[in-house]
S.K.: 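Below you'll find the structure I mean.
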Amino acid sequence: STWVIQAGSFEGDAPLSFWARTAYFASGAAAEREHTLVLAAGALSAGVTYALSLVAALEGGSAVGAAGVTFYVSRPPSSGRASVDPAAGVALETAFSLKTRGWVTEDPPLKYAFKAAGGNGTAESTLRAPTRESRLDNVILPKGSPNITLVVVAIDVLGGEASVFFSVRVGPTRASGAALANLTTGLLDDAFALGTSEKVCQTVVAASSAGGDAALTATMIDAMGAVAADLDAMGKAKFFLGAVGAGTRMKLCVNMTMG
C-alpha cells in the first residue's frame, strides 16, 4: 500500500517522502491492516485543498484498490490592526484603552487576547485571556524602556491565530514610599471590588517595576494569593519560601502571571 498526493503541494514543493513521519509505503501479507500517514508540522500550506489517496495492490498488480481523503487547510486570521489610547502615560497612574479591528478570517468568530511583550529580560504578560471582546479598557502597564510593546492575538474557532504588535510609551511613576503603597493598594482594592483577577495581575506587574519596600511586596504577594484559584488556570506551580526569600517570592508571583 502506498500513500500518494493527488492535489495540492507541500511546503517548499517537497515530495511526500520529505514530510512523512511514518512510512508512506508498506508491504505485507494480504490481510486487513491499517496504514496511517503522519505529516510533520509545517507540511501543509494555508488556503490549499489537498487530496491524498492510499493505493493498495497485490504483488504483481493483479488487483488494485484505492481510497482517498480531501481536505482544505484554512488560512489563519489576517489584516488586523491595533491601537492604544493615550499614546503615552505613566506606570500605575495612566489607564490605557486597547482595541483591535479589521481582522479577516475564514473561521469566525474570533477571540482576542491582549498581552504586553517582555522587556528588560522579563517574560510576556497576559493582560486579558482570549474573549470575543475586541477592546480592553482601564489597563495598567509597567514602566517601559521607554516603550512597552503590546500584542493582540486573534484566534479563530479552529485554533488558527495571528498577532499584531504595537507600542506605547510608559514612563516610571514618581510615587515612592507611602505614596506608592497607597497608589498600589487603591488599584488592588478597585480590582478586587470589580472581581477582575487580570487587573490584580496588571497592578502587581506594574508595581513590581516601580520598586517598593518589604511591606508593599507583602501586599502584592497577598493580592496574588487571593486570586490563586484563577491563576491555577495559567500558572504551572506554586512556590512557598521563608521570610528571607520574600523578594524571590514576589518574582515568582509575577512570573505566574506571565503567559
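Just so it is clear, the model here is predicted, and its values are computed rather than measured. Residue indices begin at 1 and follow the sequence shown.
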S.K.: Quick check: do Trp103 and Val164 have side-chain heavy atoms less than 4.5 Å from each other?
M.R.: yes
S.K.: Give a yes or no on whether Leu136 and Val151 share a hydrophobic cluster (residues Ile, Leu, Val, Met, Phe, Trp, Tyr; joining criterion: side-chain heavy atoms under 4.5 Å apart).
M.R.: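 No: no chain of side-chain contacts under 4.5 Å links Leu136 to Val151.
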S.K.: Tell me, do Val153 and Pro130 make a side-chain contact under 4.5 Å, heavy atoms counted?
M.R.: no
S.K.: Taking the side chain as every heavy atom from C-beta outward, state whether Ser74 and Asp156 have any atom pair closer than 4.5 Å.
M.R.: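 Not in contact.
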S.K.: Checking the side chain of Gln202 only, and the main-chain atoms of Leu127 only, is there a donor and an acceptor separated by less than 3.5 Å?
M.R.: yes
S.K.: Hey, are the side chains of Thr2 and Tyr24 touching, using non-hydrogen atoms and a 4.5 Å cut-off?
M.R.: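 Side-chain contact under 4.5 Å: yes.
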S.K.: Can you list the other members of the hydrophobic cluster that holds Val104, where links are side-chain heavy atoms under 4.5 angstrom apart?
M.R.: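 Members other than Val104 - counting any ILVMFWY side chain reachable under 4.5 Å - there are none.
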S.K.: State the CZ-OG1 distance between Phe114 and Thr100, to the nearest 0.5 angstrom.
M.R.: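 Answer for the CZ-OG1 pair, Phe114 versus Thr100, is 6.0 Å.
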S.K.: Measure across Val48 and Gly8 and return the closest heavy-atom pair with its distance rounded to 0.1 Å.
M.R.: CG1-CA, 3.9 Å
S.K.: Let me check something: do Tyr112 and Leu98 share a hydrophobic cluster, defined by ILVMFWY side-chain heavy atoms less than 4.5 Å apart, either directly or through other members?
M.R.: yes
S.K.: Could you give the distance from OG1 (Thr185) to CG (Asp189), rounded to the nearest 0.5 Å?
M.R.: 6.5 Å
S.K.: Partners of Thr131 by side-chain hydrogen bond (donor to acceptor under 3.5 Å, both in side chains), sequence neighbours excluded?
M.R.: Arg128
S.K.: Keeping the roles fixed (side chain from Ser209, backbone from Ala206), state whether a donor-acceptor pair exists under 3.5 Å.
M.R.: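 Yes: the side chain of Ser209 pairs with the backbone of Ala206.
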S.K.: Could you list the residues that satisfy side-chain contact (heavy atoms from CB on, under 4.5 Å) with Ser9, not counting sequence neighbours?
M.R.: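 Result, side-chain contact (heavy atoms from CB on, under 4.5 Å) vs Ser9: Asp13.
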S.K.: Looking at every heavy atom in both Ile148 and Ala116, which two are closest together, and how far apart are they?
M.R.: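 Nearest heavy atoms, Ile148 then Ala116: CG2-CB, 4.2 Å.
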S.K.: Applying a strict under-4.5 Å side-chain criterion to I, L, V, M, F, W and Y, I'd like to know whether Val170 and Leu183 cluster together.
M.R.: no
S.K.: Under a 4.5 Å side-chain heavy-atom rule over Ile, Leu, Val, Met, Phe, Trp and Tyr, are Tyr50 and Val69 clustered together?
M.R.: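 Same cluster.
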S.K.: Report yes or no: does Glu198 contribute a side-chain atom to a donor-acceptor pair with the main-chain N or O of Ala129 at less than 3.5 Å?
M.R.: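 Yes, because the side chain of Glu198 sits within donor-acceptor range (under 3.5 Å) of the backbone of Ala129.
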S.K.: If a pair satisfies salt bridge (charged side-chain N to carboxylate O under 4.0 Å, His left out) and one of its residues is in residues 39-54, list it, with sequence neighbours excluded.
M.R.: none
S.K.: A side-chain contact here means heavy atoms from C-beta on lying under 4.5 Å apart; do Pro77 and Ile155 qualify?
M.R.: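 Answer no - side chains too far apart.
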S.K.: So do the side chains of Leu39 and Leu37 get within less than 4.5 Å of each other, counting heavy atoms only?
M.R.: yes
S.K.: Any chain of hydrophobic side-chain contacts (each under 4.5 Å) joining Val4 to Leu52?
M.R.: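 No.
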S.K.: Under 3.5 Å, sequence neighbours excluded: what are the donor-acceptor pairs made by side chains of residues 80-96?
M.R.:
| from | atom 1 | to | atom 2 | distance (Å) |
| --- | --- | --- | --- | --- |
| Glu93 | OE2 | Thr173 | OG1 | 2.5 |
| Thr94 | OG1 | Val90 | N | 2.8 |

S.K.: Would a 4.5 Å heavy-atom cut-off, applied to side chains only, mark Leu44 and Phe71 as touching?
M.R.: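 Side-chain contact under 4.5 Å: yes.
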S.K.: List the residues meeting side-chain hydrogen bond (donor to acceptor under 3.5 Å, both in side chains) with Thr105, not counting sequence neighbours, and say none if there are none.
M.R.: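 Testing Thr105 for side-chain hydrogen bond (donor to acceptor under 3.5 Å, both in side chains), a comparison that skips the adjacent residues, returns none.
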S.K.: Would Leu150 and Val139 satisfy side chain to side chain contact (heavy atoms under 4.5 Å, CB included), going step by step from the backbone distance to the final call?
M.R.: CA-CA 11 Å; Leu150 303 172; Val139 178; over 6 Å; no
S.K.: In Å and rounded to the nearest 0.5 Å, what is the CZ to CH2 distance from Phe25 to Trp3?
M.R.: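 Taking CZ in Phe25 and CH2 in Trp3, the distance rounds to 15.0 Å.
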S.K.: How would you list, by chain and number, every residue that makes a side-chain hydrogen bond (donor to acceptor under 3.5 Å, both in side chains) with Glu11, sequence neighbours excluded?
M.R.: Ser45
S.K.: Checking the side chain of Thr203 only, and the main-chain atoms of Leu188 only, is there a donor and an acceptor separated by less than 3.5 Å?
M.R.: no
S.K.: Please list all pairs meeting ring pair (Phe, Tyr, Trp, His ring centres under 6.0 Å) that have one or both residues in residues 167-205, counting only residues at least two apart or in different chains.
M.R.: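 Not a single pair qualifies under ring pair (Phe, Tyr, Trp, His ring centres under 6.0 Å).
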S.K.: Under the rule for side-chain contact (heavy atoms from CB on, under 4.5 Å), what residues qualify as partners of Ser1, not counting sequence neighbours?
M.R.: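 For Ser1, the residues satisfying side-chain contact (heavy atoms from CB on, under 4.5 Å) (neighbours in sequence not counted) are Ala26, Arg33, His35, Leu54, Ala56.
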S.K.: The criterion is side-chain hydrogen bond (donor to acceptor under 3.5 Å, both in side chains); which residues satisfy it with Trp19, sequence neighbours excluded?
M.R.: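 Listed in chain order: nothing, the list is empty.
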S.K.: For Arg174, which residues count as a side-chain contact (heavy atoms from CB on, under 4.5 Å) partner, sequence neighbours excluded?
M.R.: none
S.K.: Heavy atoms, side chains only, cut-off 4.5 Å: are Lys199 and Asp190 in contact?
M.R.: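 No; the side chains remain at least 4.5 Å from each other.
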S.K.: Main chain of Ala181, side chain of Thr184: is a donor-acceptor contact present, judged purely on distance under 3.5 Å?
M.R.: no
S.K.: Can you pull out every salt bridge (charged side-chain N to carboxylate O under 4.0 Å, His left out) where at least one residue sits in residues 101-113? Sequence neighbours excluded, please.
M.R.: Arg75-Glu106
